[in-house]
Amino acid sequence: RSVWVSPFLVLGRDGAQIRVLRKHPHSREVGVEDEFSFNNSFTNRLYRIKINNIQLKESKEEKNSTHQRVQQDRQVQIDAAVVRIMKTRRTLQHNQLVAELYKQLKFPMTPQDIKKRIESLIERAGLAGAD
């Protein structure tokens, strides 16, 4: 994994960036062999300063796996919301069901996602399709 080094900067009142830590060798990426040392010339008149955390860069595989896990979690949430709505309403037109899902679920979803989840529930006999 690679790490972005700029969180070791403190923004001064004049807008200048001051490094709290020094990295050897000096580059943006952090490797296993890199060394960090305290910048002795660092001064600040404040008693406390805020330093941001290091941000890890995700590889493409990690991004894809994270995206897939989020999609699976969202599918489960959509399924649960559809079942919950249909248990309370018993019968509902498709457009009304979709509108109610958009009200209840706060994450972005497409009508195709909703349609797939409803079809999946009907196939699993979780809902009786209205003919």
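This chain uses plain numbering: 1 for the first residue, then up along the sequence. Just so you know, these numbers use all the heavy atoms, side chains as well, and skip hydrogens, waters and symmetry mates.
Ser120 contributes no side-chain N or O that, together with a main-chain N or O of Lys116, makes up a donor-acceptor pair within less than 3.5 Å.
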How far apart are the C-alpha atoms of Gln72 and Val76, what are their side-chain angles, what is the distance that settles it, and do they pass the side chain to side chain contact (heavy atoms under 4.5 Å, CB included) test? CA-CA 6 Å; Gln72 289 172 350; Val76 172; 5.8 Å; no
Let's go through Arg74 and Asp113 carefully: what are the C-alpha distance in whole Å and the side-chain angles of both, what is the deciding distance for side chain to side chain contact (heavy atoms under 4.5 Å, CB included) to 0.1 Å, and is it a yes or a no? CA-CA 10 Å; Arg74 287 180 177 177; Asp113 293 336; over 6 Å; no
I'd like to know whether Arg124 forms a side chain to side chain contact (heavy atoms under 4.5 Å, CB included) with Asp79, so could you lay out the CA-CA distance, the side-chain angles of the two residues, the decisive distance to 0.1 Å, and finally the verdict. CA-CA 11 Å; Arg124 290 187 285 159; Asp79 289 353; 3.2 Å; yes
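Heavy atoms from other residues, nucleotides or ligands lying under 6.0 Å from CD of Gln93 number 12 at most.
Between Arg89 and Glu100 the shortest side-chain heavy-atom distance falls below 4.5 Å. A 4.5 Å side-chain heavy-atom check between Arg117 and Leu101 finds every atom pair outside the cut-off.
Cluster membership for Tyr102 and Leu97, using ILVMFWY side-chain heavy atoms within less than 4.5 angstrom, is shared. Val70 and Ile114 end up in different hydrophobic clusters when Ile, Leu, Val, Met, Phe, Trp and Tyr side chains are linked at under 4.5 Å. Hydrophobic clustering (ILVMFWY, side-chain heavy atoms < 4.5 Å, transitive): Val98 and Ile122 are in one cluster.
For the atom pair CD (Glu119) and CD (Glu123), the distance works out to 7.0 Å, reported to the nearest 0.5 Å. Between Gln75 atom CD and Ile78 atom CD1 the span is 7.0 Å, to the nearest 0.5 Å. Taking CE from Met86 and CG from Leu121, the interatomic distance works out to 10.5 Å, rounded to the nearest 0.5 Å.
Remark: the Gln104 side chain and the Arg84 side chain contain an N/O donor-acceptor pair separated by less than 3.5 Å.
Residues Phe107 and Gln77 approach most closely at CE2-OE1, 2.8 Å, considering heavy atoms.
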